Every structure is written in C-alpha cells, then in structure tokens.
Amino acid sequence: MTSLNVEMLAAGATEPITSAGNAQLGIAVLAGIAVIVLLITKFKLHAFLALTIGSLALGAFAGAPLGKAIESFSKGLGSTVAGVGVLIALGAILGKLLADSGGGDQIVDTILAKANGRTMPWAMVLIASVIGLPLFFEVGIVLLIPVVLMVAKRGNYSLMRIGIPALAGLSVMHGLIPPHPGPLVAIDALGANLGVTLALGVLVSIPTVIIAGPIFAKYAARWVDIPAPEKMIPARPSEDLDKRPSFGATVFTVMLPVVLMLSNALVEIVVDDPENPVQKVTDIIGSPMIALLAAVLVGLFTLGAAAGFTKDRLASTVEKSLAPIAGVLMIVGAGGGFKQTLIDVGVGQMILDISESWAIPTLLLAWLIAVAIRLATGSATVATISAAGLVAPLAAGMTTTESALLVLAIGAGSLFFSHVNDAGFWLVKEYFGMSVGQTIKTWSVMETIISVVGIVFVLLLSLVL
C-alpha cells in the first residue's frame, strides 16, 4: 500500500476498490465526468441524478464491483450531508429572515442614502457583499435586482455601471466565502479549517471584487450602454411591511457568525493551546454550527420580531426557507458521493502522480480542474464539488493555511466564464434585458476576471504565508 493510501485510510477513506492502472483510471475519470456533463447539458437532467449516475459510471469504467461503487457513493453522500447539511439549512433560514423582514432593504437604503454619483458603484459592491454573506446567489440576485434597476433609472446611471459591482459582490461571496454551499463542501472534502478559510477568503475577495466590480464596470458600461428595463422592476420584499429592523441590528446579525468564526481562527493562531480556557470557549462559540445557530436565534428577534412578525409568521418564514434548499442539499450530497468514489477507486494517487510529473503547483492544478468542469457543466457548485473530490488526496499533509488556499483556488476556478449552460447567465440576461452577446461582454467577462484575479491573489498569498 502506498503512503498516500495509508494517509487516505487514516482520514477515513476505504482501501482502493480496484487495481486499475493510471491509464484506466484516467479514462474512467474522463468518462465519469463526460457522463455528468452530457446528462446535465444535453438531457437537462437534474445535477443530483447526473452526479449519482456519473459516480456509478466512474466506478464501472474503473473496473470496481458495482456493490463497492454503490457503497462508496452512499458513504460519501451521507458524510457530506452530515458535515454541511445543517450549515446550509441555518444559512438559508438566516437569509430568509433577512429578506422577508426587510433587513436587506434596510441595509440597501441606508448605504444608498449616503452615496453619491461617484461613490454609487462602490456602495453597490458594499451592499452586495454584506447581503451576499448569508444569501444564496439566486436569492441575492432577486433581492438586489430591484435596487439596481431603480438606482440606475432614478439616478440616470448606466445600468452596467451599477449592476456589475452588485453582481461581482454576490458572485465573489458565492464562490469564495463560506457558509455558501460550494466553499462548505470543499472545506469538508479537503479537511480545511473554516475560520482560516473565511479569513483568507476575505483577503482574496476584497481586491478581487474591487477589480471585477467598480473598475471593470467602467469598461462594461462603454461596451454595453443600455437603460434599465421598466418591465423588470419588481416589488421590493419590504413594501408591504409596516416597519423594518434597524440598520445596526441587521448588520450585527449578518456579521455575527463571521465574527465568531474569525475570532475562533484568530485565537487558535495566537493561543494555540487546546487546554487554554479562552480557546475552549472560542472553539465552541466559533464552530460553524454554533455561530450560524446563534445568528439565526438572534435574527428571530433582531429581524423577525423587529419587523412585527408574529410567532406564526416566524414559524412560516423558517419553514419556507428550508423547502428551496432540498435540491441544493441533494446536489451537495451527490457531489460528496462522487468525491468518495473518486478517492476509493484510487484516483488520488493518479492525480498525485500527474501533479509531480507535470510539475504543476497544486493550487493551479485545482483551479484548472475547476475551470474545466465549470466550462463543461455551467454549475459553480458542481465544479467545486467535483474538483474538491479530485484533488482531496493532495491535501493530505498540508498545513492549515495551505488547505484553506486550496479551497479558495477551487472556488475561484468554479466561477470562470459563465456562459449559456449556466442558469445564472440567463437570470442576469433576462433581468437586465440584454442580448446573449451583451451578456457575454459583461457578465461572462466579469466572472472570468473574478476567477483569474482570485487565483492570482491565492498564489500570491501562498508565497508569503
């Protein structure tokens, strides 16, 4: 047994279920991914089913017994959902409270009231970044689009000058910052520290969102100069509410889990003593589940009760927040099953051999794999999950910082060049009333800039940390 397999066993992986050589494994990986891509793009099959079938196909092409392949897939699905399912659910509840209570609108209105023409694109980045922390990308789009369109129309701004910064803020949060599903799954697959990943993710995100947002928006506005479409201005969530939460209480609630998790990471670095009383406390309150649970419980009062919600309305809000994430949870779980199948058939050793023989830095290799899967499937989440599964064995023996940077490299790659096979592409196109060509010139280029700038800063951090 190789040293890598020993490390894999120590990390909980089973012994390789096939003795296939690297050539056969390489073909099996390509075939498995091809099956997933074909099912998603050609047959429009749901990503959960595509990942499930692709995992079994991978096992079959690698020469593994069907029973063993099923066992690996089931084990990976179960462990992934157990690891990140609660976090995704808590994040969804917090996001729903933020949207329904009018807290999101309160943040928007307060920041916009202090912005003028020159600072407006920067204000949109700030709004999108703060709101994007607890919200899924699609929910953030729906929440922010009315604001973008109204600001562009009333202030006579170029739609791209206002819209690109908002989209950049949301996209960067979605790809690089937990507790979004993609980063959470990558953290779980690679055994990375969530607090450290969050801290480094913020460092990478700030320059990335500035370059892809306000700076690129200047050029995007020249390439595509269109007015805000009247028919696409929907009602805002808080228009039917008698009152909204205060700005301070809303920001405090949104930032609470971030502060708790970052404080835990900081204490671990500074104190570095598991027996220290302070570290024992921060290990508990700064754990992802407790940090998000605390934010949700606080949000019931600072957001829900502050908006005048009754107990029944709060219960209904929580219930409605969970239904839409069923599909996300199943995709994440199936991605975990695909990852475990990759590990159990011995793909880890093959990837290790490739990285050594090609002399490709691990971070760049992970980014390239995520880019390839993103271009093929159109899904940032599928790209993150699949890439994390492929490079997971390379994380064995990495330091806390190195594994966190590996997560960010994958996240950056998962955002590369959104095009016609990505649901987000069509969402942006229709809301902004653009043609396919205009959407590529703006949204697709913006996503590519985020991806490239993101990996550049990840590589720079790897040189100094």
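Computed from a prediction, not measured in an experiment: that's the story for all the values here. If you read the sequence from its start, that first residue is 1, and numbering goes on from there.
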Exercise. What residue pairs, at least two apart or across chains, pass salt bridge (charged side-chain N to carboxylate O under 4.0 Å, His left out) with a residue in residues 364-387?
Worked result: R374-D422, R374-E447
Exercise. Checking side chain to side chain contact (heavy atoms under 4.5 Å, CB included) for the pair L266/S263: CA distance, chi angles, key distance, verdict?
Worked result: CA-CA 5 Å; L266 182 62; S263 65; 5.6 Å; no
Problem set entry | F61 side chain reached by V29 side chain, heavy atoms, under 4.5 Å | no
Exercise. Okay, side chain of T80, backbone of L77: is any donor-acceptor separation there less than 3.5 Å?
Worked result: no
Exercise. For T384, does its backbone N or O pair with a side-chain atom of S414 as donor and acceptor, under 3.5 Å?
Worked result: no
Exercise. Between T362 and V391, does a side chain to side chain contact (heavy atoms under 4.5 Å, CB included) hold up when you go through it step by step?
Worked result: CA-CA 8 Å; T362 302; V391 303; 5.6 Å; no
Exercise. Is P274 close to K280 at the side-chain level, that is, under 4.5 Å between some pair of heavy atoms?
Worked result: no
Problem set entry | Non-hydrogen atoms of L390 and I369 that approach each other most closely | CD1-CG2, 3.5 Å
Problem set entry | Atom pair CZ/CD1 of F338 and I53 - distance to nearest 0.5 Å | 13.0 Å
Problem set entry | Identified side chain to side chain contact (heavy atoms under 4.5 Å, CB included) counterpart of M160 within the set Q438, M446, M434, K441 | M434
Problem set entry | Separation of S462 OG from E402 CD (nearest 0.5 Å) | 8.5 Å
For this session: Return the minimal non-hydrogen interatomic distance between P165 and A217, and the atom names on each side.
Result: CD-CB, 3.8 Å
Seminar exercise, completed: Distance col, row L292:CG vs L297:CG, nearest 0.5 angstrom, shows 11.0 Å
Exercise. Which residues pass the side chain to side chain contact (heavy atoms under 4.5 Å, CB included) test with A395, sequence neighbours left out?
Worked result: L190, M398, L406
Problem set entry | Heavy-atom side-chain contact between L184 and L194 under 4.5 Å | yes
Exercise. Do V204 and L200 touch side chain to side chain, with heavy atoms closer than 4.5 Å?
Worked result: no
Exercise. Short question: side chain of Q340, backbone of G337 - any donor-acceptor pair under 3.5 Å?
Worked result: no
Exercise. Is any side-chain heavy atom of W367 less than 4.5 Å from a side-chain heavy atom of S451?
Worked result: yes
Problem set entry | K429 atom NZ, over 12 foreign heavy atoms within 6.0 Å | yes
Exercise. Do any pairs count as a salt bridge (charged side-chain N to carboxylate O under 4.0 Å, His left out) and have a residue in residues 80-91, sequence neighbours left out, and if so which ones?
Worked result: none
Problem set entry | Spatial distance of atom OG (S435) from atom CD1 (I440) [nearest 0.5 Å] | 8.5 Å
Exercise. Which pair of non-hydrogen atoms, one from G54 and one from I36, has the smallest distance, and what is that distance?
Worked result: CA-CG1, 3.8 Å
For this session: Could you tell me whether a side-chain N or O of H419 sits under 3.5 Å from a main-chain N or O of L375, the two making a donor and an acceptor?
Result: yes
For this session: Considering non-hydrogen atoms only, spot the tightest contact between A220 and I164 and give its length.
Result: CB-CG1, 4.0 Å
Seminar exercise, completed: The reported gap from CE in M289 to CG in L90 (rounded to nearest 0.5 angstrom) is 8.0 Å
Exercise. Can I373 and F416 be said to form a side chain to side chain contact (heavy atoms under 4.5 Å, CB included), step by step?
Worked result: CA-CA 10 Å; I373 299 174; F416 191 88; over 6 Å; no
Can I get a per-line list of side-chain donor-acceptor pairs under 3.5 Å for residues 313-325, giving both atom names and the distance, sequence neighbours left out?
residue, atom, partner, partner atom, Å
T317, OG1, R313, O, 2.9
S321, OG, V318, O, 2.6

Problem set entry | Residue pair T302 / T253, side-chain donor-acceptor N/O under 3.5 Å | yes
For this session: Could you tell me whether the side chain of P288 reaches within less than 4.5 Å of the side chain of M261, counting heavy atoms only?
Result: yes
Seminar exercise, completed: In I177, V407, L405, T400, the residue satisfying side chain to side chain contact (heavy atoms under 4.5 Å, CB included) with T197 is V407
Exercise. Where do L303 and S101 come nearest, in terms of heavy atoms and distance?
Worked result: O-CB, 3.4 Å
Exercise. So which of L176, L415, V445 actually passes side chain to side chain contact (heavy atoms under 4.5 Å, CB included) with I450?
Worked result: L415
For this session: State, to 0.1 Å, how close A57 and V35 come at their nearest heavy-atom pair, and which atoms those are.
Result: CB-CG2, 4.1 Å
Exercise. Which salt bridge (charged side-chain N to carboxylate O under 4.0 Å, His left out) pairs, counting each pair once, include a residue from residues 90-99, with sequence neighbours left out?
Worked result: K96-D100
Exercise. Is a side-chain N or O of S171 found less than 3.5 angstrom from the main chain of A168, in a donor-acceptor match?
Worked result: no
Exercise. Can you tell me how far the CG atom of L461 sits from the OG1 atom of T401, to the nearest 0.5 Å?
Worked result: 9.5 Å
Exercise. With a 4.5 Å limit on heavy-atom distance, are the side chains of D344 and F73 in contact?
Worked result: no
For this session: State, without any angle test, whether Q279 and N264 hold a side-chain donor-acceptor pair at a distance under 3.5 Å.
Result: no
Exercise. Looking only at atom types and distance, does a side-chain atom of S72 sit under 3.5 Å from a main-chain N or O of K68, one as donor and one as acceptor?
Worked result: yes
Exercise. Does the side chain of F432 come within less than 4.5 Å of L167's, by heavy atoms?
Worked result: yes
Seminar exercise, completed: Those residues at least two apart in sequence (or on a different chain) that pass ring-ring contact (aromatic ring centres under 6.0 Å, His included) with F309 are none
Exercise. How about W443 and F417: are their ring centres within less than 6.0 Å of each other?
Worked result: no
